[in-house]
Amino acid sequence: MSNCISNCNSCSSTSCAPVESKGGVVNSKGQLENSSTTNACKVCAPLGASLVFKGIRGCIPLVHGSQGCATYIRRYVISHFREPLDIASSNFTEAATVFGGQSNFELSIKNIINQYKPEVIGIATTCLSETIGDDVSMFVKNFRKKNLGMENMPKFVTASTASYQGSHMEGFHTAVKGIVCDLAEKPLETTDKVNIFPGFVSAEDLRQVKQIFEDFELEYIMVPDYSETMDSPTWNEYHKLPPGGVPAEEIGLVSSSTHSVEFGYIINKGHLDPISAAEHLEDRYGVTRHNMGLPIGIKETDKFFEALETISGKDTPDKYKQQRGRLVDSYIDGHKYLFGKKAVVYGEEDFVLSMVSFLEEIGIETIVAGTGGESGMLTSHIRDLGTANSKDILVKQGVDFEQLDQIAHELKPDLFIGNSKGYYIARKLSVPIVRCGFPIHDRIGAQRVMHLGYEGTQQLYDKICNAMMEYKQDNSPVGYKYV
Ligand code: SF4
């Protein structure tokens, strides 16, 4: 039975019909256009929401839909973070599909409470439960009413995440907004805390951003914070709910903070909800919002540090001035290896946007900027960068890897920059690939790849330079020891 109508071909769920053919239609210019997605350049929406829920202390994600959805998400996330990950499923059968999933929902909530005793249950819907119109907020209310006085009643947060309405990024940002709306309390008095909405970044990035806030002596509430839950030290005993994550009570105080720092220009604004969590807090509670791109590259990272200087009233600590200075110095050192090289960049929209800006700084020409996201906003944001070649970049939104393969074959790039799903194309073209973003399934340490800040940019920069130098060395008939 095929329940999934997202056609994203991003999962192997039993309820999702994988599209295996390269079915297509010929357009008015005689070009073949795919009518189906083959190797999607995105992942499914409840995956993003599940990761957000893992960033709340004592939270267990519940995927409301078929078992295959939860299994697919677990496989994908575990393979990237290399951490155990429990995700519950309300385990739809044919009966739930026809009559609605409320009884499955209630049974799964009871099982979760008995087995995990969570502080919070984060519920993400799926293509199927959204299509049949399950009202999860009402299910939660009914469950609470029916179980008044129940011991260990957790808090509930919900996210509406049908994959045919968006990618893992829409799922991620919808869940962030959902938990802020569900948990934020009416502020009694303003605190000096700063909210951080970092977006979908690596565990190491989260640690690095927290360190920067601490060095500015700013107290913060990071939503979500999966820096420990998705990258833990070894344990002597298995923790059903790993330590770490932001406590729900702290999320309740985001409305009392004076400022929010939010990374990403696009977030999920092209979709059903044009208001981000930080915008909501500004509109409703007057929390000043500082919005900037993911701080990759000097230009975007400078904006981040300028915002922190404004908020804290303090000068940037010397440690970061030194990092910036070393980064500029390395740009000069590596220029001869990178200048004029042509890159294909792909992944999430905000990641691609910041990467394009960074590549311009280091002399690499982005020839293709590809994303599976369909906000429709990436092209205008790239053009607005106003860089030397930003008007000439081929921006492909809603693209799949099949199309990227065809385009890259024609345009002959010197390197690929993005997640590991593009590896097979880089291999066919015999060009290097620099793995970053999500997912990375064919290397160790994806959760520790640093992208953000001067330090993260430095690491990305060194990786790109070394990839080009290694390529030159490997493809030379001469065994250069100096490159
Ligand atoms: S929610 Fe995701 S995994 Fe589930 S059917 Fe839709 S695309 Fe497939």
Give the minimum heavy-atom separation between Glu365 and Asn389, together with the two atoms involved. CG-ND2, 3.0 Å
Counting C-beta onward and ignoring hydrogens, is there a side-chain heavy-atom pair between Phe200 and Phe351 closer than 4.5 Å? no
Check step by step if ring-ring contact (aromatic ring centres under 6.0 Å, His included) holds for Phe304 and Phe263. CA-CA 9 Å; Phe304 174 41; Phe263 295 157; 5.1 Å; yes
Arg82 atom CZ, over 12 foreign heavy atoms within 6.0 Å: yes
From Glu455 atom CD to Gln322 atom CD, the distance as rounded to the nearest 0.5 Å: 12.0 Å
On a heavy-atom basis, the closest approach of Ser163 and Cys44 is OG-CB, 2.9 Å
Pairwise side-chain contact, Asn291 with Glu279, heavy-atom cut-off 4.5 Å (strictly under): no
When rounded to the nearest 0.5 Å, the distance separating CE of Met169 from OG1 of Thr174 is 10.5 Å
Within a 6.0 Å radius of atom CD on Glu219, are there more than 12 heavy atoms belonging to other residues, nucleotides or ligands? no
Let me see the working for Val449 and Glu204 under side-chain contact (heavy atoms from CB on, under 4.5 Å), right down to the final yes or no. CA-CA 7 Å; Val449 173; Glu204 188 68 36; over 6 Å; no
More than 12 heavy atoms of other residues, nucleotides or ligands under 6.0 Å from CD of Gln473: yes or no? yes
Steps toward salt bridge (charged side-chain N to carboxylate O under 4.0 Å, His left out) verdict (Asp182, Lys155): CA-CA 9 Å; Asp182 287 346; Lys155 292 184 188 315; over 6 Å; no
Side-chain touch Val209/Tyr220, heavy atoms, less than 4.5 angstrom: no
Measure up the His441 and Tyr76 rings against each other and bin them: parallel (under 30°), tilted (30 to 60°), perpendicular (over 60°). perpendicular
Worked verdict on Asp231 versus Arg207 for side-chain contact (heavy atoms from CB on, under 4.5 Å): CA-CA 10 Å; Asp231 192 16; Arg207 288 190 285 268; 2.7 Å; yes
Within 45 degrees of the axis of the six-membered ring of Tyr116 and under 6.0 Å from its centre: does Lys240 put its NZ or CZ there? yes
Should Arg57 and Glu249 be marked as a salt bridge (charged side-chain N to carboxylate O under 4.0 Å, His left out) after you check the CA-CA gap, both sets of side-chain angles, and the distance that decides it? CA-CA 10 Å; Arg57 190 183 70 190; Glu249 301 76 51; 3.4 Å; yes
May I ask you to decide if the ring planes of Tyr461 and Phe358 are parallel, tilted or perpendicular, using 30° and 60° as cut-offs? perpendicular
Minimum heavy-atom distance between Ile267 and Asp350, given as atom pair plus value: N-OD2, 2.8 Å
If I take atom CE from residue Met377 and atom CG from residue Asp384, how far apart are they, to the nearest 0.5 angstrom? 10.0 Å
Report yes if some heavy atom in the side chain of Ile417 is under 4.5 Å from a heavy atom in the side chain of Leu359; otherwise report no. yes
Atom pair CD/CG of Glu262 and Asn195 - distance to nearest 0.5 Å: 10.5 Å
Looking only at heavy atoms, what is the nearest atom pair of Thr258 and Thr191, with distance? CG2-O, 3.4 Å
For residues Pro224 and Leu51, determine if any side-chain heavy atom of one lies less than 4.5 Å from a side-chain heavy atom of the other. no
Passes side-chain hydrogen bond (donor to acceptor under 3.5 Å, both in side chains), Ser357 versus Glu360? Steps please. CA-CA 5 Å; Ser357 167; Glu360 166 77 15; over 6 Å; no
From His290 atom NE2 to Ser260 atom OG, the distance as rounded to the nearest 0.5 Å: 8.0 Å
Start with the C-alpha distance between Glu217 and Ser312, add both sets of side-chain angles, then the distance that settles side-chain hydrogen bond (donor to acceptor under 3.5 Å, both in side chains), and finish with yes or no. CA-CA 8 Å; Glu217 297 177 347; Ser312 67; over 6 Å; no
Are the side chains of Leu62 and Phe53 in touch, meaning some heavy atoms are under 4.5 Å apart? no
Does the side chain of Phe438 reach to within under 4.5 Å of the side chain of His168, using non-hydrogen atoms? yes
Minimum side-chain heavy-atom gap Gln397-Glu374 below 4.5 Å: no
Donor-acceptor contact present, side-chain Thr301 to main-chain Pro295, <3.5 Å: yes
Rounded at 0.5 Å granularity, tell me how far CE in Met468 sits from CD1 in Ile364. 7.0 Å
Worked verdict on Glu185 versus Ser255 for side-chain hydrogen bond (donor to acceptor under 3.5 Å, both in side chains): CA-CA 7 Å; Glu185 291 159 9; Ser255 46; over 6 Å; no
Show, in sequence, the C-alpha distance, side-chain angles and deciding distance for Tyr423 and Asp442, and conclude whether the side-chain hydrogen bond (donor to acceptor under 3.5 Å, both in side chains) test is met. CA-CA 9 Å; Tyr423 166 69; Asp442 60 352; over 6 Å; no
